[in-house]
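We name chains A, B, ... by the order of the sequence lines, and we start the count at 1 in each one.
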There are 2 protein chains.
Amino acid sequence: MSYEQALTALADPTRRAVFERLRAGPQPVGELARHLPISRPAVSQHLKVLKDAGLVTDRAEGTRRIYHIDPHGLGALRRWLDQFWETALDAFAAEAERTSDKP
Amino acid sequence: MSYEQALTALADPTRRAVFERLRAGPQPVGELARHLPISRPAVSQHLKVLKDAGLVTDRAEGTRRIYHIDPHGLGALRRWLDQFWETALDAFAAEAERTSDKP
DNA sequence: CTTGTTCGTAAGACATGACTTACGGTAAGC
DNA sequence: GCTTACCGTAAGTCATGTCTTACGAACAAG
């Protein structure tokens, strides 16, 4: 739910691959594991981290669990980034001012 | 420069603290290290990672190096996130549709 | 009730990376 | 020129996290 967790979760390349695969739509764990170079339990562990970060959610469907993207974590990350982006642009403008003309 | 590097760089809490400290404005390495619970070389190493990710830039000023935020890496991250955010909202809407009314 | 899927968790091996101290290099001040 | 301040890099130690195999639980099918 916090942007820190989202950043930590999305840092790992394999976990990011899991997350990006969910972009194609909701999928069960086995389906995800079939297209990834890791074992199914490893996918489950990654999904747990993504779920704790608020990046994915799951629903039960028989014995299978369907995972899909959760906007919450993504939103938290986006808010933090936007807020940072603004001050960064200001600082960049001030820096450009400083290097070009110096009173 | 790529969003993968930016995510990896911002995942570490200490490195994120270094980055967020630069939000207050350009600062030399020693100044950053003074307010952080790690040694100065550690700060240098973190700055190197941030620099490679396009998140910060440095300029020489005497024997000191002033670091400031670089919008490039932040922009790459933002573009990736926005693009993801869109599809996530669509998927979320479709999911809401699915769970509410079922024909 | 038994069998077969699908999945999550536990335990352990292993790699990755973050931090420290030690060292060298560059610029400023006297 | 000599000393001092500031910084980056190298080497080594140590913790964190990712992967595997093994096991048990929940549900559907027969």
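Atom pair A:Arg59:CZ and C:dC7:P shows a separation of 13 Å (rounding to whole Å applied). Remark: P of D:dC7 and NZ of B:Lys51 are 14 Å apart, rounded to the nearest angstrom. In this structure, A:Glu61 places its CD atom 14 Å from C1' of C:dT5, rounding to the nearest Å. Atom-to-atom, CG of A:Asp58 to P of C:dT9 comes out at 10 Å; the value is rounded to the nearest Å. The separation between B:Asp52 atom CG and C:dA18 atom C1' is 16 Å, rounded to whole Å.
Phosphate proximity of D:dC27 to A:Arg64: absent, as no side-chain N or O sits under 4.0 Å from OP1 or OP2. Distances shorter than 4.0 Å separate some side-chain N or O of A:Tyr67 from OP1 or OP2 on C:dG8.
Atom CG of residue A:Asp58 and atom CZ of residue A:Arg64 lie 14.0 Å apart, to the nearest 0.5 angstrom. Taking CG from A:Leu47 and CG from A:Leu22, the interatomic distance works out to 6.5 Å, rounded to the nearest 0.5 Å.
Counting heavy atoms from C-beta on, the side chains of A:Tyr67 and A:Thr57 never come closer than 4.5 Å. A:Leu10 is listed as a side-chain neighbour of A:Leu77, based on a closest heavy-atom distance under 4.5 Å.
Residues of residues 2-14 of chain A having a heavy atom closer than 4.0 Å to DNA chain C: none are found. In the region residues 34-47 of chain A, proximity to DNA chain D at under 4.0 angstrom, judged on heavy atoms, holds for A:Ile38, A:Ser39, A:Pro41, A:Ala42, A:Gln45, A:His46.
The two residues A:Gln27 and A:Leu32 have their closest heavy-atom pair at OE1-CD2, 3.5 Å.
At a threshold of 4.5 Å between side-chain heavy atoms, the hydrophobic network of Ile, Leu, Val, Met, Phe, Trp and Tyr places A:Trp85 and B:Leu7 in one connected group.
Comparing A:Val49 and B:Val29 along DNA chain D, the residue whose closest nucleotide (by nearest heavy atom) sits nearer the 5' end is B:Val29. Of the residues near DNA chain C, A:Lys48 and B:Thr63, the one whose nearest nucleotide (by heavy atom distance) lies more toward the 5' end is A:Lys48.
At distances below 3.5 Å, not a single donor-acceptor pair connects side-chain atoms of B:Arg65 with backbone N or O atoms of B:Arg59. Using modelled atom types, one side-chain atom of B:Arg16 and one backbone atom of B:Ala11 make a donor-acceptor pair closer than 3.5 Å.
Both the sub-6.0 Å distance and the 45° axial angle are not jointly satisfied by B:Arg79 relative to the ring of B:Tyr3.
Relative to the side chain of A:Arg15, the nucleotides D:dC7, C:dC7, D:dT18 differ in distance, and D:dT18 lies closest.
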